[in-house]
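Worksheet for the structure shown next.
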Amino acid sequence: MTMPASKITGVGMYVPDNVVTNEDLTKIMDTTNEWIVERTGIKERRFFEEGKDTVSSMAVAATEMALERAGKKPEDIDFIVFATLSSDYNFPGSGVLLQRKLPFRNIGAIDIRTQCSGFIYALSVADQFIKSGMYKTILVVGSEVQSNVFELTDRGRNLSVIFGDGAGAVVLEATNETNKGILTTKLHSDGKFAEELYLEHPGSRRKVRFSPDMMEKGELLPYMNGKLVFMNALKYFPEVVREALAEVNLKESDIDLFIPHQANARITQAVQKELNFPDEKVVSNIDRYGNTTAASIPIALCEAWQDGRIKEGDLIALAAFGSGFLWASALIRW
Ligand code: ACO
């Protein structure tokens, strides 16, 4: 008996209405449009509205779009894989919050917390469940609220200008077509870099998770060693794409569309150069949304599909690198 493969049959996305331009940020912190554009390529991003958007509510909107495009109803879904580092609650995760918001059955729902690589990890997990025959139709989601993790102040400006909020979703279905769907996924980590891009608190290491002075001292803000992240991203993005290609005996020039995690336009440009991709083969929307972490790849995938940039039979490469450090890739024959 041949193992089923999994293919994406519907894509969806949601971004909050609230557009925050670089100019808007200059009014609340010491920064300039030029500094942000030159270093990151970001011109604007979306910030959630409290009381309207949450990580799980944005996921619902993206899911409804993906389900409709796949011609599926919530009842058809066998399992939910939800990638986020910014779950609505500390626990439980957002998977169950999505499960209760639409008429799904009492299906399983797991949260994946592998930050920028979250969507590819989630896709890989879903792919294994389908290949094993355990499930036939899985919802894979990436959704993030980042605008309240970073501080919109002078001391938080190094990171808060980079990130944005949004959600993306795909429906993954079993297929018996040969050479179709997810050809391979590659997942990696190197935990020695865990503290090079991280948010320590409120972690479980200390007896007292919060103390009143933490906010004042800036201890509730994430930390990033920007230069080290940059250097490692330039190494691992190309490496993990090449590793996936080698496994299925394909080469860089076979790729029709490259959809990287939207970390920073300068990282994408450097990776594009290294892999010899012309502009038309690379998806970049960071100028409009900033870095939406686990949501960035499904949003970019959804827009590329809507723009007619993905055709039947195309070879699509996804790749991500980020906090952990974790990095990952997926090759998809559409
Ligand atoms: N506006 C104006 N000035 C700023 C800002 C800001 N928003 N943020 C920092 N600065 C200042 C700093 O205070 C510093 O000033 P100083 O020289 O007087 O001390 C100066 O700008 C340079 O600061 P650096 O931190 O050295 O800035 P750098 O040139 O390294 O750029 C950046 C920072 C863009 C983050 C860079 O390190 C980078 O591209 N890193 C890659 C990592 C990345 O993009 N991560 C994205 C998220 S992680 C992921 O998704 C993988």
Side-chain angles (χ1 to χ4, degrees), residues 20-45 83-86 113-121 142 144-147 149-166 168 188-190 193-199 218 221-241 259-274 283-287 289-300 318-329:
V20 178
T21 64
N22 293 346
E23 212 52 49
D24 294 330
L25 294 179
T26 64
K27 294 176 190 138
I28 49 176
M29 64 178 82
D30 182 15
T31 191
T32 62
N33 178 50
E34 293 68 32
W35 194 98
I36 302 170
V37 171
E38 190 193 307
R39 285 178 172 76
T40 70
I42 299 164
K43 294 180 183 149
E44 59 188 43
R45 74 286 291 145
T84 186
L85 63 67
S86 49
R113 39 175 303 175
T114 51
Q115 298 72 250
C116 304
S117 307
F119 183 75
I120 299 180
Y121 267 74
E144 304 279 11
V145 166
Q146 303 271 34
S147 55
V149 182
F150 304 98
E151 204 174 70
L152 299 167
T153 60
D154 289 356
R155 76 173 178 182
R157 68 179 180 169
N158 61 328
L159 284 175
S160 56
V161 300
I162 299 177
F163 293 88
D165 307 335
H188 293 283
S189 69
D190 188 346
F193 296 113
E195 287 82 16
E196 302 295 350
L197 176 50
Y198 85 132
L199 175 56
L221 297 180
Y223 165 79
M224 176 174 77
N225 180 342
K227 290 184 178 73
L228 194 78
V229 169
F230 201 99
M231 277 163 44
N232 281 277
L234 262 45
K235 173 172 160 38
Y236 289 121
F237 262 109
E239 196 175 293
V240 77
V241 171
I259 307 181
H261 160 52
Q262 308 286 303
N264 176 325
R266 286 198 314 188
I267 292 178
T268 298
Q269 284 153 12
V271 172
Q272 170 179 354
K273 196 164 164 230
E274 170 66 23
V283 177
S284 175
N285 61 9
I286 195 167
D287 57 326
Y289 302 129
N291 178 332
T292 56
T293 310
S296 90
I297 288 180
I299 291 174
L318 313 180
F321 171 87
S323 166
F325 291 153
L326 292 135
W327 60 103
S329 65

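Remember, it's 1-based here, ligands and their atoms both numbered in the order they're listed. In this text the structure is predicted, and so the values were computed from the model without any measurement.
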ring-ring contact (aromatic ring centres under 6.0 Å, His included) against Phe325, all qualifying residues, sequence neighbours excluded =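 Per chain and number, Phe325 pairs via ring-ring contact (aromatic ring centres under 6.0 Å, His included) with Phe193, Phe321.
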
Who pairs with Phe237 by ring-ring contact (aromatic ring centres under 6.0 Å, His included), at least two apart in sequence or on another chain?
->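 Expected list: none.
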
I need the minimum non-hydrogen distance between [X] and [Y], along with the two atoms involved.
| X | Y | result |
| --- | --- | --- |
| Lys43 | Val37 | CG-CG2, 4.3 Å |
| Ala265 | Ile286 | CB-CG2, 3.9 Å |
| Ile42 | Asn291 | CD1-N, 4.4 Å |

Between Gly226 and ligand 1, is there a nitrogen or oxygen pair with a distance under 3.5 Å?
-> yes

May I ask you to check whether Thr40 has an N/O atom sitting below 3.5 Å from an N/O atom of ligand 1?
-> no

Does the protein place a non-hydrogen atom closer than 4.0 angstrom to [atom]?
| atom | answer |
| --- | --- |
| atom 34 (C) of ligand 1 | yes |
| atom 17 (O) of ligand 1 | no |
| atom 49 (C) of ligand 1 | yes |
| atom 30 (O) of ligand 1 | yes |

Whether the side chain of [X] engages the backbone of [Y] through a donor-acceptor N/O pair (distance < 3.5 Å, no angle test) should be reported.
| X | Y | result |
| --- | --- | --- |
| Ser296 | His261 | no |
| Glu144 | Thr292 | no |
| Asp165 | Ser147 | yes |
| Ser329 | Val240 | yes |

Which heavy atom of the protein is the closest neighbour of atom 36 (C) of ligand 1, given with residue, atom name and distance?
->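 The answer is Arg266 NH2, 3.9 Å.
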
Protein residue, atom and distance nearest to atom 26 (O) of ligand 1, heavy-atom basis =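 Protein heavy atom with the smallest distance to atom 26 (O) of ligand 1: Lys227 NZ, 2.9 Å.
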
For ligand 1, indicate whether the residue [X] contacts it via side chain, backbone, both or neither (heavy-atom separation under 4.0 Å).
| X | answer |
| --- | --- |
| Ala263 | both |
| Leu197 | side chain |
| Thr31 | both |
| Ile36 | neither |
| Asn158 | both |

For ligand 1, which atoms, with element, lie under 4.0 Å from some heavy atom of Asn264?
->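 Contacts of ligand 1 toward Asn264, numbered from 1: 38 (C), 39 (O), 43 (C), 44 (O).
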
Atoms in ligand 1 flagged as close to Gly322, the criterion being non-hydrogen separation under 4.0 Å =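 The list of qualifying atoms is 51 (C).
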
Does ligand 1 have an atom under 4.0 Å from some heavy atom of [X]?
| X | value |
| --- | --- |
| Met224 | yes |
| Ala233 | no |
| His261 | yes |

side-chain hydrogen bond (donor to acceptor under 3.5 Å, both in side chains) evaluation trace for Glu151 with Ser160 | CA-CA 6 Å; Glu151 204 174 70; Ser160 56; over 6 Å; no

Any idea which of Glu34, Glu196, Arg39 brings a heavy atom closest to atom 22 (C) of ligand 1?
->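 Selected option, by shortest heavy-atom distance: Arg39.
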
Measure from atom 51 (C) of ligand 1 to every heavy atom in Phe321, Trp35, Phe230 and give the option owning the shortest one.
->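 Considering heavy atoms of Phe321, Trp35, Phe230, the nearest to atom 51 (C) of ligand 1 sits in Phe321.
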
Note, Leu326 side chain near Gln115 side chain (heavy atom, < 4.5 Å) = yes

Out of curiosity, Glu23 CD to Thr31 OG1, how far, rounded to the nearest 0.5 Å?
-> 10.0 Å

